[in-house]
Structure formats: structure tokens, C-alpha cells
Enquirer: 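Attaching a single structure in C-alpha cells format; questions to follow.
One-based numbering, in listed order, for ligands and for the atoms of each. Side-chain atoms are counted along with the backbone in the values below, which use heavy atoms only and exclude waters and symmetry mates.
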Amino acid sequence: MTTRFNPAAWARLFTPTRRQFLQTASAAAATALVMPAGARKANAFAYEPYPRDDDLETVVTSCAHNCGSRHMLVAHKKGDVIVRLSTDNGTYQGDAYGTDTEEKPQLRACLRGRSYRSRLYSPERLLYPMKRVGKRGEGKFKRVSWDQALTEIAERMVYLRDKYGPQALLDQSYAGASYGVLHKSDQIEGLLGRFLGMFGCRTSSWSVPSYQGTTFSSRMTFGTIEDGNEDDAYAHSKLIIMWGWNPAYTFHGGNTFYYMRMAKQRGCKFVLIDPQYTDSAAAYDAWWIPIRPNTDAAMMAGMAYHIWDNGWHDQGFIDRFVQGMDPGTTPNWAYQRGHESFKEYILGTNDGVPKTPEWAAEICGVKADDIRKLAEMYATTKPAALKASWAPGRNAYGEQYNRMAAALQAMTGNIGILGGCAEGVGKAWHSEAVAYPYDQYANVWYASIKSDRWAHIVLNYPNVTRQEAGLWPRSDQFDGVVPNIRGIFWQGSDWFNQLTNINKEIAAIRKLDEQGEGESLLVCSDSTITPTGIWADYLLPIATHFERHDVALPWYKGHYYIHRPKVIEPLGESKTDFQVYTELAWRLGFGPAYNPKAARDYFDNPDATDEAYLVDWWHKVQEHQHVEWSWEEFKKRGVYKFILSQPHVAFRAQIEQGLPFQTPSGKIEILSSQLAQIDDWSRTQYGYEIPAIPKWIEPWESLNHPLTATYPFHLISPHPRWRTHSIFNNIPWLRETFSQETTMNAADAKRMGIKHGDIVELWNDRGRVVTPVYVTERCMPGVLVLHEGAWMDLDKDGVDRAGNPDFLTKDDPSPAGAFAYNTVLCNIRKTDLHHRPGWDQLATARSHVFRRDQ
Ligand SMILES: Nc1nc2c(c(=O)[nH]1)N[C@H]1C(S)=C(S)[C@@H](COP(=O)(O)OP(=O)(O)OC[C@H]3O[C@@H](n4cnc5c(=O)[nH]c(N)nc54)[C@H](O)[C@@H]3O)O[C@H]1N2
Ligand SMILES: Nc1nc2c(c(=O)[nH]1)N[C@H]1C(S)=C(S)[C@@H](COP(=O)(O)OP(=O)(O)OC[C@H]3O[C@@H](n4cnc5c(=O)[nH]c(N)nc54)[C@H](O)[C@@H]3O)O[C@H]1N2
Ligand code: SF4
Ligand SMILES: [Mo]
């Protein structure tokens, strides 16, 4: 093993006491040095004086993770230490300094990316394999060798598989590493899934927290999730409706704002439908329509009514391209099966309830006149982009919202045209995505559950129905068999911190504890000591994307590849996930099948093998995407930006050339052929009935629900600008810009005697969290906003002092699988409890625990 990591230098980095370290946080941002003058002598960098640019080596790489985009980072290093990070300046593809055009924009990093060095070298960095020595969740670990950790994990895996069957190990990998082509961490293409599948013991988790309602809608309506335009298409819109979409905060592409600004300059109007007035609305001077959370489908139904009422719909488009919009486009077989068209539903032909703007206003809290005005704007401005983002679909019956949006997009003919927008999921340009074997062993599983149901399954096993578990049907003896979950593998996920109803997850772990030491296994592979890791039996240190060879893909939007060389050697004893699973696979007897290009010493010498996979991948890029650069040229430049002859618009070919959509009927299916033909819902992965056309369905919690008598506030938990979920929570530079707080309406606060900056407690039957409060007119009455991703920090009474909203969320999934993160009622009051925002108050800086006796 040849690592150039120097433990003494590492120790020097962190010699000051924690207190001194904390005091430096503000100085750090100003000087870009972690240590202030006056602290005990500690070399933040091995190099003083600060090296000049000429002394540094410049390496192009990319930022990472499931953050909404993918930008360039340029590392400037001396020896094996990254001294500085910069970003795209237009030159790296061989263009003049500053090149930044509509066709070829720069990929400039956000604050998170630019602070990446402090994540790389953070005190929470996991450097060695660790084994739990205390109780689960207590945070007591000791350092062990890789050999010991892998031997013990392999033995336990075999024991659990043999005793509890091929469903005993739960794959909880997720998108932390998904946007590389070689080192992947998701349920479909990921390294863990392939490993557990080959081992013959895997329960997978099929519903995606991000957008399962949206995915479902896109698949049912368009037959694909590649329904997005590239972002430059926004520059051609005349009206952009940001429906539950805040691209200023929650990135959905790297240059969205750039193109939206172009639209603004060209006269585009902007509307925001959101319980809060966002920075995006402020930036574009949008008309803000506050809406009660989780009532969007009702408002959209009211808009559809008004559009028909005035004849503003595009009948030509509907007749040619749509199924089930109105009686004329609804097949007879569907009527024979008792279904109705969308228009009949909206007009109330059969249920006697016309979905008028007045009807909608009662539900969503938006004035009927405003619903009418927006409907008119949308139907009479061409082209118009209704961007229905995912958050309103991250709700009970969230799929209905997304399908209702597709109906509005279709009835106004805004699909497949430049400046329109069909996107639900928004996956646009098709990239070459996988460099390692994706064959018959990929995504093998013996049970597949709705992802938010694992704790429920553990707690109630064996008294769980297949509907409750959301089991995906199979055609063998495992069909309908609810898994007896005995182990969890976390890879590229902090899911213990990020899934719903954390107290229920804790109860599930406690139940596993009760079943006896040795009867379960929790393994967390991560580069950071995460809140999830605290609950694991083994922590495996994973090399970051700066420490391994890969290529970065855009995150849904953008058309480029960024080379990711091994910029520095892996810190500590870090290994890549691929090294870890390959080594385990060798020990378990299927090494060559798992990683066919690797020799037995891959654990120590991965470079040539990784290169070989990437070269093969590049050949596919050359072949499929007609790229002329050689692999060597790509490696030299670092980035390949495709130039498209025109903005990529999803479904352009279907509309312009009449090609069929990928649905059973070849049409845009507002009435889904697939759903309309299901008889026994209990045997589907959905478990419960889903209407064949989009409909308004009352959610299980909302501001219209009687439960408001006890819990009068609706909590939504959007994504933070200063974190990627839980990633970057411990970065002091970012903490200076934002903090974890609850946003509350000023009139509500006044009525309750709560003032800006007070510490408040939010609670419901599921949990309690503590945060400071931010009082503002920018949030509608009755709604609270608390961003997801804070590192949980429980006190002895089980109160989360860090303010993680997932102590309040509910683990009931929507029939189509949508996580109901934004379907939450709770209450709020002032408290004397302290908020402990994590890193800067030591609460979650667990590194000192781990390193104490080394
Ligand atoms: N900075 C940053 N960017 C990210 C991420 C991140 O963690 N940080 N995560 C990425 C990932 S994985 C994902 S899935 C996407 C998520 O992308 P989105 O789902 O679009 O993002 P959110 O931030 O959850 O919510 C967007 C807006 O929806 C509003 N909203 C919430 N509930 C409702 C509702 O019921 N109705 C309406 N009309 N509005 C509602 C919120 O107030 C917020 O302004 O973001 C990606 N981008
Ligand atoms: N209340 C509420 N909760 C939510 C949401 C919400 O809107 N509201 N949003 C949900 C959504 S959309 C999402 S996507 C989830 C995100 O949930 P997670 O995916 O669990 O969140 P992350 O914080 O991104 O965690 C990813 C982890 O992967 C690690 N990682 C990164 N790269 C690698 C690698 O190469 N190998 C390994 N082994 N590990 C790596 C990171 O260090 C990090 O700890 O959160 C969900 N939680
Ligand atoms: S948007 Fe994402 S990829 Fe881009 S710099 Fe920020 S964190 Fe990195
Ligand atoms: Mo997500």
C-alpha cells in the first residue's frame, strides 16, 4: 500500500483545541486560512509563505454529489496538498480567457463547491476503518485494520444470508456518488447493488425520495423520464411559471439562472406558486401566488376548468397528440372499463363537482380571480414554460400534482416546442452514464420495497402486508414475501438522517439490537463521519472524487463531461467503494465476476484497472456521440462541452415529425393505458388504487384537515442553498452565510408572541426539534419552513437540537411511491432549550471522539 498520507502533518493541522478552532471560523473565510494568527502554531498548509500560482500545479476536476448541478473545480496543488480551488474561466477547452456564451457557458462553481477544500480536509473526515465499541448510536468506535473490518463484515454477511435468506440485507445506497461514471452509488446502476445482488442477498429500495411522484407521472404520461429541455431553452420563453421551484436556492442545472436572466432581458414574465416568496421570485420580479402546501393539484384543476370554459385550449394539439384529454381522445375500451376523460372530470360530468376556480380556491387558499388570471396568462402566452418542480410532488398523492401539470402543459400545446416545457423529472440530454459492467448482475434483488418503509417493516415484521411494504411484484417464489431485514448497507447516502420519521428509524434499530448482537449488521461507507455513521457497526473510509479516477456527468441538465483525475492520493486509509466491494467480492468468492478487469491486488493498486474501464467508456462516447477527441486529449483538457445545433427540447421529434411517444398508445397519456387496465392494485408495487387520469385527492395532513386543531401549522422542508442535503453541514465558511432556522409568518409570530431570533420548538406526535426562528412576511400564514439536511443531534429526552425536519415527517408513502416530506402538520412554541447547530458547537464534530486514542 503506497499512500503518501502523513499522519504527523495531519495531526498538526488539528492541534489547536476545538475552542480555538471554532474561534477561527470567521477569520477563515476572510483569509482562506483555517488558523488565525495567535492560535497555537499549527500549519494549516504545509507551505508557508503561501505559494504563488507559479509554484502550483493546476488540475481540472469537477465538484460532486447530488446537489442539482455539476461544475468544474480547478485544483491548485503543491505536492500532494490542494492549496486553492478555483473554477471554470472559459479557457480549459482551449478558448480565450472569459469565454462564456449561450452555446458554451462556463461551468462555474457555487459557494459549496468553492468551499470543497474545507470538506476534503475537515475534522469530520473519516480516515480509518472503525468498529463500534459502544451501543448503536452512541458514537463510540475504535480503529481497526481493513483486514479485520472486511473479514468480520464478510463473515456476518454469510451468516445473515444463510440464516435469514436472500432478502436479509437492505441496500440503502443513494445518489451521493451517482454522477460519476465509474464510482457510483445508486440503487439501479450502483456498485453496492451489483455487489449484494451477486452475493445473493439484497433487498432494494425502489422509490426515490427526490421525485417518485414526478417520475411516475412522467413515465405514465410520456413513457419516459427524459422529458426535460436543456436550460438554454428557457431563454426563449415568454412566461415562466416557477411552480414550487426555487432555482436560486435549489439548483436544477448549472446555468439555469443565466438562461432565465436572458429570458427576462427578452421580456419574459415570471410567476411563482409557492408558500414562500423566494429569492428566485425576487430576482425576476415574479408575481407571487402563495398556496397552501399540498393543494397544488386542486389549483391546477381550477386552471384547467377556466381554460376550457374560455376555449383557450389547443384542440388541434390535443386531437393529434393526446389520449384521454376529452371524450374525443378517450378510447372506448377506457369508457367500457368505467373511466372518464380528464375534461369530464374537470367539468364534473360524472361526480357532479365542477372543478371551478371557486372550488379550487376553497382548497388551496388562492383567490379564484388569481387562479383565473394565471390560467389566462398561461393559456394565451406562447410559448410558456410551466416548470412543475418536485417539491409539491414530494407530498401525499404528489403524483396527482405532476400529472395535473402535464395535463395543463398538453392542453395548451406547450410540449415539444422551444420556450415551452413538459418537464416533470427534467432529465434532458442523454449522457453515456456507466463505465463499469452493467450486465445481468446489475440491480439484482430478492425484494424491493418503498424506500421509506424499511423501519415500518422491521418494526412490524412479520405482520406486514405487501401493500404496506410497497413490494415490487416478482414472478418467482419471492413474490409478495416481505423481507426480514437484518442488515443495512449505507453507501453514498446519509439516509438515517434523511428519510422520514427518524424516531421510527431509531425504534427499528433498537428492535434489531434486541434481537441480539450478531443477528444484524450495519455498515456505513462514507468519506465523512455522518449522523448515519454514528448508528453503524462499521465505518469504512471512502476516498473522495479528488482521490480516485473518474469522469463527472451533468446532473440532469447540461451537456458536457468533466474529467476527474486522481488529484491527490487518498487521505488516511481511504479506499474507493469499488475497491472495497471488489475486495469483499474476492473474499466471498466472486471477485472476477464482480470486477472483471481487476487483478487480485486491486485493493492496493486500482489505477490501471480504473483507467481501463474509463478508456472503454470513452470509446462508447466517441462511437455514440461522435466525439473526435482522443481519451488523452480529453484528459489533457479536462472538460468536453458539446455544442448543440439548437437548444435541446424534449419531444421535439414527436411534435415536429409525428414520431410516437413511448407510451402504449404512442400519445401523451393524460389517461394512462397502463393504470386504466389494472384490476388488482394489491398485487402492484403501488399497493393502492391510482386514478387513470389526474385527480385531486385530499391528503392525509394539510391545512384543511381537522388535525389542525392540534397541529395548526403546515411544515415544508425544502433543500438548503448552503448544503447538499446533509453534505457541507459542517463547513464553517458556509455556516457563516446561512443557518438552520425555522421561517415563520410575521402575523403568526406576533399573535404567538414569538420574535425574530427566538429559539422555538416544533413538534408533533412523531418528534420534537429546536431551532432559532426567522420571522418574515415572505412566508404565508400557517406555514413553517425548515430546510432538510441538518445533522441530527438528540438530547437525552429525544429532542433534536439541530433542527432536522425529518423528526417531524411521516413515513407513509403515496400510492405511487412519492415520499410525503412536505405533508406535515406540527405546532410551534418558544422554548428555553438550546439550539445546537452542530459543528460549531461541538455537538456533531465527532472526529475528536474517534481520534482520541490514536
Ligand atoms: N442547493 C441545493 N440544491 C439542490 C439540492 C440541495 O440539497 N441543495 N438537492 C438536489 C436534489 S437531490 C433535489 S431532489 C432537488 C429538489 O428540488 P425541488 O424539489 O425543486 O426543491 P425544494 O427545495 O424541495 O423545493 C422548491 C420549492 O418548493 C416549495 N414548496 C414546498 N412544498 C410545496 C408545495 O406543497 N406546493 C408548492 N407550490 N410549493 C412547495 C418550497 O417552498 C421551495 O421554494 O434539488 C436539487 N438541488
Ligand atoms: N424533510 C426532508 N427530507 C428530505 C428531503 C426533503 O425535501 N425534505 N429531500 C430528500 C431528497 S430529495 C434526497 S435526494 C435525500 C438525500 O439523502 P442522502 O442521499 O442520504 O443525502 P446526502 O446528504 O446527499 O448524503 C449522501 C452521502 O453520501 C456520501 N458520499 C458522497 N460521495 C460518496 C462516495 O463516493 N462513496 C460513498 N460511500 N459515499 C459518498 C456523502 O459524504 C454523504 O454523507 O434527502 C431527502 N430528505
Ligand atoms: S452546484 Fe453542485 S456541483 Fe456546482 S459547485 Fe455547487 S455543489 Fe458543486
Ligand atoms: Mo433528491
Enquirer: If you count the atoms of ligand 1 from 1 in the order shown, which ones are under 4.0 Å from a heavy atom of Asn246?
Expert: 44 (O)

Enquirer: Could you say whether the N/O atoms of Ile273 and ligand 1 ever approach to under 3.5 Å?
Expert: yes

Enquirer: Among all protein non-hydrogen atoms, which one is nearest to atom 27 (C) of ligand 1, and what is the separation to 0.1 Å?
Expert: Gly244 O, 3.2 Å

Enquirer: Check each heavy atom of Phe728 against ligand 1 and say whether those closer than 4.0 Å belong to the side chain, the backbone, both or neither.
Expert: neither

Enquirer: Quick check on contacts: which atoms of ligand 1 are under 4.0 angstrom from a heavy atom of Trp243?
Expert: 38 (N)

Enquirer: Return the residue, atom name and 0.1 Å-rounded distance of the protein heavy atom closest to atom 24 (O) of ligand 1.
Expert: Arg394 NH1, 2.9 Å

Enquirer: When you check the space around atom 8 (Fe) of ligand 3, which protein N, O or S atoms turn up under 2.8 Å?
Expert: Cys63 SG

Enquirer: Starting from atom 14 (S) of ligand 1, locate the nearest protein heavy atom and write down its residue, its atom name and how far away it is, to 0.1 Å.
Expert: Ser210 CB, 3.2 Å

Enquirer: Are Asp171 and Ser204 linked by a side-chain donor-acceptor pair shorter than 3.5 Å?
Expert: no

Enquirer: Heavy atom under 4.0 Å from ligand 1: found in Thr295's side chain, backbone, both, or neither?
Expert: neither

Enquirer: Please could you name the atoms of ligand 1 that Thr278 approaches to less than 4.0 Å, counting only its heavy atoms?
Expert: 44 (O)

Enquirer: Would you kindly check if the NZ (Lys) or CZ (Arg) of Lys427 is within the cone defined by 45 degrees around the ring axis of Trp555 and under 6.0 Å from the six-membered ring centre?
Expert: no

Enquirer: Could you check whether the rings of Phe496 and Trp454 sit parallel, tilted or perpendicular, using 30° and 60° as the cut-offs?
Expert: tilted

Enquirer: For a quick check under 3.5 Å, do Tyr116 and Arg119 share a side-chain donor-acceptor pair by atom type?
Expert: yes

Enquirer: Below the 3.5 angstrom mark, is there an N/O of Thr724, backbone or side chain, next to an N/O of ligand 1?
Expert: no

Enquirer: Output yes when the distance from some N or O of ligand 1 to some N or O of Phe251 is under 3.5 Å, and no in every other case.
Expert: yes

Enquirer: Any nitrogen or oxygen of Trp245 lying under 3.5 Å from a nitrogen or oxygen in ligand 1? Just yes or no.
Expert: no

Enquirer: Taking 4.0 angstrom as the limit and counting only heavy atoms of Glu788, give me the atoms of ligand 1 inside it, by number and element.
Expert: 7 (O)

Enquirer: With heavy-atom distances below 4.0 Å as the criterion, list the atoms of ligand 1 near Ser389.
Expert: 18 (P), 20 (O)

Enquirer: With heavy atoms of Ile716 as the reference, note each atom of ligand 1 found under 4.0 Å away.
Expert: 31 (C), 32 (N), 42 (O)

Enquirer: Run through Gln740, Arg735, Arg112 and flag the one making a side-chain contact (heavy atoms from CB on, under 4.5 Å) with Arg723.
Expert: Gln740

Enquirer: Does the Tyr560 side chain pair with the main chain of Arg70, one donor and one acceptor, at a distance under 3.5 Å?
Expert: yes

Enquirer: Going by the order shown, which atoms of ligand 1 are within less than 4.0 Å of some heavy atom of Gln276?
Expert: 41 (C), 42 (O), 43 (C), 44 (O)

Enquirer: If we ignore angles and hydrogens, is there a donor and acceptor under 3.5 Å between the side chains of Asn730 and Glu124?
Expert: yes

Enquirer: Okay, side chain of Ser389, backbone of Ala391: is any donor-acceptor separation there less than 3.5 Å?
Expert: no

Enquirer: Which residue holds the protein heavy atom closest to atom 36 (N) of ligand 1, what is that atom called, and what is the gap in Å?
Expert: Asp296 OD2, 2.9 Å

Enquirer: What do you reckon, does His719 have a nitrogen or oxygen under 3.5 Å from a nitrogen or oxygen of ligand 1?
Expert: yes

Enquirer: Any nitrogen or oxygen of Cys67, main chain or side chain, under 3.5 Å from a nitrogen or oxygen of ligand 1?
Expert: yes

Enquirer: Just need the protein heavy atom nearest to atom 10 (C) of ligand 1, so name the residue and atom and give the distance.
Expert: Asn66 O, 3.6 Å

Enquirer: Under 3.5 Å, is there a donor-acceptor pair between the side chain of Arg778 and the main chain of Tyr277?
Expert: yes

Enquirer: In terms of atom number and element, which parts of ligand 1 are under 4.0 angstrom from non-hydrogen atoms of Pro275?
Expert: 37 (C), 39 (N), 40 (C)

